[in-house]
Q: 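Pasting a structure here, questions to come.
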Amino acid sequence: MKFENSTGNIIKDQEKLSFDFIPEELPNREEEMQKLFGLYRGIVSSNVSQNVLIYGPVGTGKTVTAKRFCMEFEQWSKKKDQNIDTVFVNCRKRKNNSSAMWKIVHHFDRGFPDRGFSVEEMMKIVKEKIEERNVHLFVVLDEVDPLIQKEGSDLIYLLSRFDEERLSPEGSVSMILVSQKNVFELLEESARSSFKRSNRIRFPRYTSDDLFPILKDRVEMAFHPGSIDDKKIQLISDIAGKEGDGKGDARFGIELLEKSALIGEMSGRNEIFTEDIRSAKGEIDPYFTESRLKKLNQQEKLILLASTRKLKEQAYTITGEVEELYKVLCEEYDTEKLGHTQFWKYLKSLSDEGLLGSKTTSENSGRTTKVSLSDITAEKLEKKLENLIEDG
Ligand SMILES: Nc1ncnc2c1ncn2[C@@H]1O[C@H](COP(=O)(O)OP(=O)(O)OP(=O)(O)O)[C@@H](O)[C@H]1O
Ligand SMILES: [Mg+2]
């Protein structure tokens, strides 16, 4: 590893740069926090449960805001003598109902076996625990898209009807769904009816001005004083901001900050130079960060890999060719093939997310869609994808 010789002359506390770290202050998400508070405060006064959907592009602070909100709301309600308990489920890791439900039971019973119980049975156990402890439970279903895509909205429906037998509007389970897409359309009517229109909060991409205070806070927490000045923090914010290559992804900004520091340290300095930031930017492809590729489901990865292989020797390929190779890859990786319409849908979403370029043209006998790659070399992307696909 290249950074082995890092001396720690710039970074004081690496943990503060990790993506799991939850800062106390979330600059430019105060409004969203306030909105969540407004929606949920009723739990304390009248025990009415609420279900909320948080959605927005990559790195806009959805996860961190949901986590911070739950922590603060727990503390606030405690002062009002109401017990709130939170279970956080990452649905990219738990793509099926019973695995997600297990995470909820496990919260109450750490020794709960991970096999042998149906979703309904687990739901019943959770119900008993909630009554026993007299708590209101927050279930955060983060990155909920793969779960809904795979299993439909049954689990969300069941959780929304948790208190079915009660006639009053009182409830004991509230949900926060978090996703990049507005998954509302994917929910079946029965599950959708528990989400009011006003209970959807869209997180916008960060502008460079939005990112500045976020990165400045991290610098203060994670770096030795004097290692970077405001001008350079601004440069990183400009690169990561909505207007720059990072497209408003705070994760990219933090990654850039960390890498710049490591490059500075490698040169034996205790200060970050502008050149370090430029080199760091060269090392991270804003569109193809590991964290971004990991979010893709297996089908999207295979379609992207098919495109990439086609694009190794040419600037453009056409969708027919990609689809053909995609089918071969499905066999190679023992994955079910998508039908033509579904294939198109996924291809379109890859292009919407900026991972692939696509352009429809009318030539000669009909319309063709040309596919291209933006910043990264096909070879580099191919390697990354192959590794990820093998991991599943
Ligand atoms: N307003 C903010 N203040 C401080 N840190 C932030 C803020 N917004 C995001 N971050 C940080 O940026 C990183 C990405 O944020 P987060 O994981 O919440 O994004 P996300 O919207 O959930 O992205 P994804 O869609 O990829 O899951 C995290 O390290 C998080 O702590
Ligand atoms: Mg997230």
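Values reported hereafter were calculated over all heavy atoms of this structure, with side chains retained and with hydrogens, waters and symmetry mates removed.
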Q: Grab the two heavy atoms, one from E24 and one from R68, that are nearest each other, plus how far apart they are.
A: CA-NH1, 3.5 Å
Q: What's the separation between atom CG in L329 and atom CD1 in I303, rounded to the nearest 0.5 Å?
A: 10.5 Å
Q: Between K35 and E32 (salt bridge meaning N to carboxylate O under 4.0 Å), is one present in this structure?
A: no
Q: Between S49 and H136, is any side-chain donor less than 3.5 angstrom from a side-chain acceptor?
A: no
Q: Looking at side-chain heavy atoms only, is the closest gap between K129 and V126 below 4.5 Å?
A: no
Q: Ignoring hydrogens and angles, tell me if any N or O in the side chain of E265 forms a donor-acceptor pair with the backbone of I11 under 3.5 Å.
A: yes
Q: Within the 3.5 Å criterion, strictly below it, is a donor on D276 or S260 matched to an acceptor on the partner's side chain?
A: no
Q: Side chains of Q234 and D238: any donor to acceptor distance under 3.5 Å?
A: yes
Q: Does a side-chain N-to-carboxylate-O contact under 4.0 Å join K312 and E379?
A: no
Q: Do T319 and T369 have side-chain atoms, one donor and one acceptor, less than 3.5 Å apart?
A: no
Q: So, E258 and Q14: side-chain donor and acceptor under 3.5 Å apart, yes or no?
A: yes
Q: About how many Å separate NZ of K127 and CE of M122, when rounded to the nearest 0.5 Å?
A: 14.5 Å
Q: Would you confirm whether the ring centroid of Y326 sits within less than 6.0 angstrom of the ring centroid of F343?
A: yes
Q: Measure from the side-chain N and O atoms of D217 to the backbone N and O of E220, and report whether any donor-acceptor pair falls under 3.5 Å.
A: no
Q: Does the Q298 side chain pair with the main chain of T335, one donor and one acceptor, at a distance under 3.5 Å?
A: no
Q: Output all residues satisfying salt bridge (charged side-chain N to carboxylate O under 4.0 Å, His left out) with E31, sequence neighbours left out; order by chain, then residue number.
A: none
Q: Does the side chain of S179 come under 3.5 Å of the side chain of E143 through a donor N or O and an acceptor N or O?
A: no
Q: What's the separation between atom CG in N199 and atom CG in L53, rounded to the nearest 0.5 Å?
A: 9.5 Å
Q: Please name the pair of heavy atoms, one in A66 and one in V140, separated by the smallest distance, quoted to 0.1 Å.
A: CB-CG1, 4.3 Å
Q: Report yes or no: does S153 contribute a side-chain atom to a donor-acceptor pair with the main-chain N or O of E188 at less than 3.5 Å?
A: yes
Q: How close do E15 and F21 get, counting heavy atoms only, and between which atoms?
A: O-CB, 3.6 Å
Q: Which heavy atom of L147 sits nearest a heavy atom of N96, and at what distance?
A: CD1-C, 3.5 Å
Q: Any Lys/Arg nitrogen of E275 or R278 sitting under 4.0 Å from an Asp/Glu carboxylate oxygen of the other?
A: yes
Q: For F223, is there any backbone N or O sitting under 3.5 Å from a side-chain donor or acceptor partner on S227?
A: no
Q: Would you call E332-K327 a salt bridge at under 4.0 Å N-O?
A: no
Q: Taking all heavy atoms of L293 and all of K301, pick out the closest pair and write down the distance.
A: O-CE, 3.8 Å
Q: Which residues pass the side chain to side chain contact (heavy atoms under 4.5 Å, CB included) test with I214, sequence neighbours left out?
A: P27, Y206, L211
Q: Can you find a side-chain donor-acceptor pair between D114 and H106 that sits under 3.5 Å?
A: no
Q: Judged by atom type as modelled, is there a donor-acceptor pair below 3.5 Å linking the side chain of E324 to the main-chain atoms of V322?
A: no
Q: Mark yes when over 12 heavy atoms from residues, nucleotides or ligands other than Q34 sit less than 6.0 Å from its CD; otherwise mark no.
A: no
Q: When rounded to the nearest 0.5 angstrom, what distance separates CZ in F108 from CD1 in I130?
A: 5.0 Å
